[in-house]
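Reminder, nothing fancy here: chain letters follow the sequence lines and each chain counts from 1. Below, each value reflects all heavy atoms present in this structure, side chains not excepted, and no hydrogens, waters or symmetry copies.
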Amino acid sequence: METSPLVLAAAHVLVAALPEAAALDVGDVAALIETPPNPDLGDLAFPCFRLAKVLRKSPPAIAQEIATAIPREGLVAEARPTGPYVNLRLDLQHAAPLVLAPLARGQTPAPPSRAERVAERVAERVAERVAERVMVEYSQPNTHKAFHVGHMRNLCLGDSIVRLLRADGYQVVAANYLGDVGAHIAKCLWWYLDVLDEAKRTPPDHARGEWLGELYSAASNQLTDWEEAATAGDAAAKASLDAAKARTTEILRKLEARDPELIAVWERTRQWSLEEFDEIYRWSGVSFDRVFYESEVDELGLRMVEEYLQRGVFVESEGAVGIFNEEIKHMPFFMLRKRDGTSLYATKDLALAQLKFEEHEIDRSIYVVDVRQSDHFRHVFLTLKKMGFEQAERSEHVPYEMVELPSGAMATRKGNVILFSALRERMTRHLRENYLSKYTSEWSEEEIALVAHQVALGAIRFGMLAHDVRQKIVFDMDAWLAVEGDTGPYLQYSAARMRSILRKAEEAGKGLDPTLTSNAERLSAAGAALQQPEERGLLLALAQLGPQAHRAAQELRPSVMCNYLLELAKAINRFSNSKQCHVLSAEGSVLDGRLVLVSAALAGLTWGLGLLGIEAPQRM
RNA sequence: GCGCCCAUAGCUCAGCUGGAUAGAGCGCCGGCCUUCUAAGCCGGAUGUCGGAGGUUCGAGUCCUCCUGGGCGCGCCA
């Protein structure tokens with residue numbers, strides 16, 4: 001795992017004190033170093049369990065020996081054996097320049113070098129080759145359908161993964177893949193063209209995509225109703241169902257045949273959805289480098305099926321074409337062409353993969369798609385491999401659990417879908433009414449609007465990212481509106497307070513001297529002046545920033561970052577609530593130390609929030 | 001039936017490669033705004049880490065089985 005400069009420095013001290021026979025290098029030691037459960041024990045801890053075997057001594061005895069061998073000068077002020085651990089207390093005179101100075105200077109944690117990444121890969125035996133150019137595909141909404149809170153989880157996850165990977169040194173192509181063809185379009189257009197009368201066929205001025213989504217739901221629900229009634233023996237329903245099915249099939253066929261009249265309708269309605277998606281992405285602060293459309297890979301997919309059928313990679317089965325991936329024992333057949341000769345979702349995914357590999361020369365391909373598609377992607381990757389795409393080995397699915405409501409899974413059928421627009425509206429209004437109203441006389445309307453937007457987005461993004469991907473999110477609107485405790489706004493608030501201190505210091509003529517962070521002597525004195533436990537705690541929390549961001553990127557888990565940032569914010573608030581840590585009333589090196597600490601905390605938190613796509617407001 | 005995932009405090013969840021008395025938020029009780037934003041801070045109460053075996057010096061974490069829940073399983077996307 002990536003280690004912080006602080007841990008690395010401590011590892012150097014430890015290695016020098018280790019017995020020869022320990023045979024551990026700095027990297028090994030750094031990887032073993034952990035944080036004691038209780039700050040009273042120390043700042044860093046070195047566990048001696050691993051050494052027990054090679055040294056043929058008990059861990060406590062080893063801890064004892066190491067502790068006595070450590071010189072009490074430089075970074076380590078105190079080394080105390082406690083059972084099997086050597087607990088280190090650091091001298092902040094040396095720690096502050098390592099941890100705080102770069103951040104206060106405006107430097108963000110450096111991504112690992114290529115050599116480090118290779119070493120890490122080798123150590124983990126993941127792959128000998130290190131990917132540089134990565135594509136992350138996410139969002140993938142369907143046109144003609146509503147964009148709801150479930151889609152928001154995907155959007156937040158994908159966007160954060162993109163940001164994490166970029167911060168970790170990768171070149172990332174952020175990709176979207178829009179579902180603009182298929183049965184759902186036919187259902188929607190059937191309702192639009194055949195069921196709605198002329199007068200009702202005009203969409204509203206705003207939220208046209210949403211309006212289309214309603215048509216789709218109505219159509220979908222009607223078909224299900226008829227189907228149920230038909231199964232129960234209702235002849236009229238059966239007739240209606242058959243007629244509707246014939247019509248949707250006709251619509252699909254005409255679209256495939258590029259029927260000018262229907263294509264015109266398709267293009268017009270599709271555009272309504274696309275415009276709405278753009279608006280959502282703009283509000284959410286998400287942008288894509290490449291947008292793929294299902295409509296653009298449809299034909300290519302079918303050509304590939306034909307080609308690989310000829311080559312014998314694919315086979316015919318019951319009139320359909322596919323491949324038997326025996327590796328997936330419980331469902332080996334992967335269908336790629338229907339009996340009627342048309343393509344499937346799977347077909348298009350093969351074509352899309354080829355397009356990605358060729359067009360963008362990526363060497364790693366990430367798909368952020370919900371967990372229900374796990375088997376599908378295993379098939380896709382296995383199939384790509386058998387087709388000869390070496391990148392298949394470096395393709396991976398990031399599965400995440402669904403967003404549900406207290407009433408169960410969201411379903412248009414049940415009418416319990418919470419649209420993204422509703423969440424956005426309610427969150428923004430709630431923040432204005434309950435928190436920002438106190439500033440109406442003080443701040444401009446522009447600033448209030450900006451902060452309402454930033455905080456609403458912060459609450460939504462954090463809410464979507466803080467859960468591990470394997471946990472489903474039960475979306476409870478009231479709970480989401482209560483933006484206190486472990487929430488995005490808490491993090492933003494913490495940043496705003498840091499900023500406020502710096503602003504007031506500036507106003508009082510006690511601002512941070514920009515030359516301080518490059519003045520070794522003054523910096524040491526400033527570090528040495530940090531005597532309060534809250535100051536130490538905050539510094540130690542900041543030391544974790546780089547390593548945690550790296551871990552989150554490696555594991556493709558923004559939730560790692562969320563949890564870490566909560567700890568950082570807690571350390572920040574403990575500091576700013578402590579009477580003993582007052583900044584403005586401090587003088588000399590104590591003032592210097594606190595200003596550097598606050599600057600570093602603000603920079604670190606802001607940067608970390610940025611990896612989640614959350615902005616830190618100037619004030620709130 | 002087969003496969004994948006989940007199960008930790010009343011609720012929602014953390015818990016990195018197994019390691020020091022299992023943590024946080026919400027809720028509950030009690031404190032803290034003439035010193036820097038109370039969207040905050042401090043203190044208190046609450047746990048058979050679903051169950052049973054096993055591996056290990058050491059298991060919430062690894063293995064096996066079981067129970068409960070969710071999801072997926074050839075012509076939808």
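- Under 4.0 angstrom from either OP1 or OP2 of B/U37 there lies no side-chain N or O belonging to A/Lys438.
- In this structure, A/Ser585 does not reach the B/U35 phosphate: none of its side-chain N or O atoms is under 4.0 Å from OP1 or OP2.
- You can call A/Phe49 stacked on the base of B/G19; the centres are under 5.5 Å apart and the planes sit within 30°.
- Taking atom C1' in both B/U17 and B/C62, the straight-line distance is 12 Å, to the nearest Å.
- Rounded to whole Å, the separation between the P atoms of B/G23 and B/G30 comes to 26 Å.
- For B/C33, the base is syn relative to its sugar; the glycosidic angle is within 90° of 0.
- Here A/Arg470 reaches the OP1 or OP2 of B/C6: one of its side-chain N or O atoms lies under 4.0 Å away.
- Between the C1' atoms of B/U61 and B/A14, the separation comes to 13 Å (whole Å).
- For A/Asn87 and B/A20, a side-chain-to-base donor-acceptor distance below 3.5 Å is present, hydrogens and geometry of angles not being considered.
- With rounding to whole Å, A/Arg378 atom CZ is found 17 Å from B/C2 atom P.
- One finds no side-chain N or O of A/Arg503 lying less than 4.0 angstrom from the OP1 or OP2 phosphate oxygen of B/C36.
- Picking from B/A39, B/A77, B/A24 the nucleotide with the shortest atom distance to the side chain of A/Asn142 gives B/A77.
- For A/Phe381 and A/Tyr367, the gap between ring centers is short of 6.0 Å.
- Across the P atoms, B/G54 and B/A59 are found 12 Å apart, a figure rounded to whole Å.
- Using a 4.0 Å cut-off, no side-chain N or O of A/Gln471 falls inside it from OP1 or OP2 of B/G70.
- At whole-Å resolution of the value, NZ in A/Lys53 and P in B/C57 are 8 Å apart.
- The partner of B/C71, taking Watson-Crick or G-U wobble pairs whose two distances both stay under 3.5 Å, is B/G3.
- Comparing A/Ser559 and A/Tyr435 along RNA chain B, the residue whose closest nucleotide (by nearest heavy atom) sits nearer the 5' end is A/Ser559.
- In terms of phosphate contacts, A/His184 brings no side-chain nitrogen or oxygen within less than 4.0 Å of OP1 or OP2 of B/A77.
- Residue A/Arg557 has a polar side-chain atom (N or O) positioned under 4.0 Å from OP1 or OP2 of B/G15.
- For the pair A/Tyr85 and A/Ala409, nearest-nucleotide mapping onto RNA chain B gives the more 5' position to A/Tyr85.
- Judged by distance alone, the side chain of A/Thr342 and the main-chain N or O of A/Lys338 form no donor-acceptor pair under 3.5 Å.
- A/Met620 comes within contact range of at least one nucleobase, with a heavy-atom separation under 4.0 Å.
- Separating the CD atom of A/Glu567 from the P atom of B/A14 is a distance of 14 Å, rounded to the nearest angstrom.
- The distance from atom CG of A/Asn325 to atom C1' of B/C73 is 14 Å, rounded to the nearest whole Å.
- In a base pair of the Watson-Crick type (N1 to N3 plus N6-O4 or O6-N4) or a G-U wobble (N1-O2 and O6-N3), with each distance short of 3.5 Å, B/C26 is matched with B/G10.
- One finds no side-chain N or O of A/Arg594 lying less than 4.0 angstrom from the OP1 or OP2 phosphate oxygen of B/C36.
- A salt bridge is defined here as a Lys NZ or Arg NE, NH1 or NH2 lying under 4.0 Å from an Asp or Glu carboxylate O, and A/Glu306 with A/Arg337 meets this definition.
- Judged by centroid separation below 5.5 Å and plane tilt below 30°, A/Tyr490 does not stack onto the base of B/A39.
- Of the charged side-chain nitrogens involved, none lies within less than 4.0 Å of a carboxylate oxygen, so that A/Arg574 and A/Glu534 do not count as a salt-bridged pair.
- Remark: B/U64 base-pairs with B/A52. Criterion, Watson-Crick or G-U wobble with two distances under 3.5 Å.
- In this structure, A/Glu401 places its CD atom 11 Å from P of B/A7, rounding to the nearest Å.
- Between A/Lys570 and B/G25 there is a side-chain N or O to OP1 or OP2 distance below 4.0 Å.
- Among the nucleotides B/A39, B/C36, B/C16, the one closest to the side chain of A/Glu484 is B/A39.
- At the heavy-atom level, A/Met331 lies under 4.0 Å from the strands shown only through sugar-phosphate atoms.
- A 3.5 Å limit on both hydrogen-bonding distances identifies B/G31 as the Watson-Crick or G-U partner of B/C41.
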